[in-house]
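Only this structure's heavy atoms are used, side chains among them; waters, hydrogens and symmetry mates stay out. This one's a predicted model, so the numbers in the text were calculated from it and none came from an experiment.
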Amino acid sequence: RLIEQHYYGRRTDNGRSEIVLLAYVLNSKINAGYDETRSYILHQLNGEMVMNLAHLAELLDKAECDDGVSFLRFELDYDEVVILDKREAVESLPSILKTHCIPQARNIERS
């Protein structure tokens with residue numbers, strides 16, 4: 001599926017400059033039931049097309065500040081959807097990083 005995206009140029013559909021892949025879900029109470037969700041292309045977050053990884057970071061930051069949004073809805077390939085409570089996700093992040101020995105939530109160079 002990913003090779004097809006690369007060879008046929010679908011990664012640039014709708015202005016997308018990168019394919020953003022949900023490679024793996026780190027086990028946590030907040031994402032219980034999604035632990036088998038992996039290797040899916042992320043298309044939208046809360047109804048907005050994800051153009052690249054830096055854009056996803058911007059959308060997540062915007063969602064964290066927007067009190068009108070209470071859930072994070074990730075729309076993936078094959079009509080798969082991951083929905084997380086925004087407040088719980090933000091509060092759980094330090095614990096998830098510590099549990100999985102990850103030094104920081106992100107390291108993205110924005111252009």
Side-chain angles (χ1 to χ4, degrees):
R1 179 172 84 248
L2 294 174
I3 292 171
E4 177 184 311
Q5 293 286 322
H6 174 73
Y7 282 119
Y8 294 106
R10 294 190 183 144
R11 67 189 177 121
T12 58
D13 284 353
N14 302 317
R16 183 183 298 175
S17 60
E18 294 177 337
I19 293 173
V20 177
L21 182 70
L22 172 66
Y24 190 77
V25 175
L26 301 174
N27 290 336
S28 174
K29 178 181 167 186
I30 179 125
N31 56 36
Y34 293 120
D35 53 332
E36 294 297 320
T37 305
R38 59 184 63 139
S39 300
Y40 283 99
I41 295 172
L42 173 62
H43 295 285
Q44 294 185 9
L45 173 64
N46 292 346
E48 189 165 339
M49 177 69 78
V50 175
M51 300 302 178
N52 53 49
L53 196 56
H55 184 236
L56 174 60
E58 290 172 15
L59 293 175
L60 288 168
D61 289 344
K62 177 182 164 188
E64 288 178 14
C65 298
D66 181 11
D67 292 335
V69 176
S70 57
F71 292 96
L72 299 172
R73 179 184 170 94
F74 299 87
E75 296 181 35
L76 310 167
D77 279 338
Y78 307 110
D79 296 323
E80 291 288 325
V81 176
V82 172
I83 299 175
L84 301 175
D85 181 284
K86 178 187 76 169
R87 183 185 51 77
E88 288 182 31
V90 171
E91 291 173 0
S92 298
L93 183 60
S95 173
I96 293 169
L97 295 175
K98 184 177 179 181
T99 298
H100 297 282
C101 301
I102 300 172
Q104 58 192 28
R106 59 174 90 142
N107 184 9
I108 299 172
E109 289 185 30
R110 297 177 192 216
S111 52

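Contact record, A23 with R38: O-CB, 3.0 Å, taken as the closest heavy-atom pair. For the pair N27 and H100, the tightest heavy-atom approach, listed with the atom from each and the gap, is O-NE2, 3.1 Å.
Put simply, the side chain of L56 does not reach to within 4.5 Å of the side chain of I108, judged on heavy atoms. Counting heavy atoms from C-beta on, the side chains of Y40 and L21 never come closer than 4.5 Å.
The closest donor-acceptor contact from the side chain of N31 to the backbone of L84 lies at 3.5 Å or more, if one exists at all. A donor-acceptor pair is defined here as one N or O able to donate and one able to accept, closer than 3.5 Å; such a pair exists between the side chain of N46 and the backbone of R73. Side chain of Y34 to main chain of I83: a donor-acceptor pair is present (N/O by atom type, distance under 3.5 Å, no hydrogens or angles). No donor-acceptor pair under 3.5 Å is formed between the side chain of H43 and the backbone N or O of D79. Proximity of a side-chain donor or acceptor of D77 to a complementary backbone N or O of I41 within less than 3.5 Å is detected.
Residues satisfying the salt bridge (charged side-chain N to carboxylate O under 4.0 Å, His left out) test with E88, not counting sequence neighbours, are none.
We find the CG-OG distance between D85 and S92 to be 9.0 Å, quoted to the nearest 0.5 Å. Here the CG-CG distance, from L72 to L59, works out to 10.5 Å after rounding to the nearest 0.5 Å.
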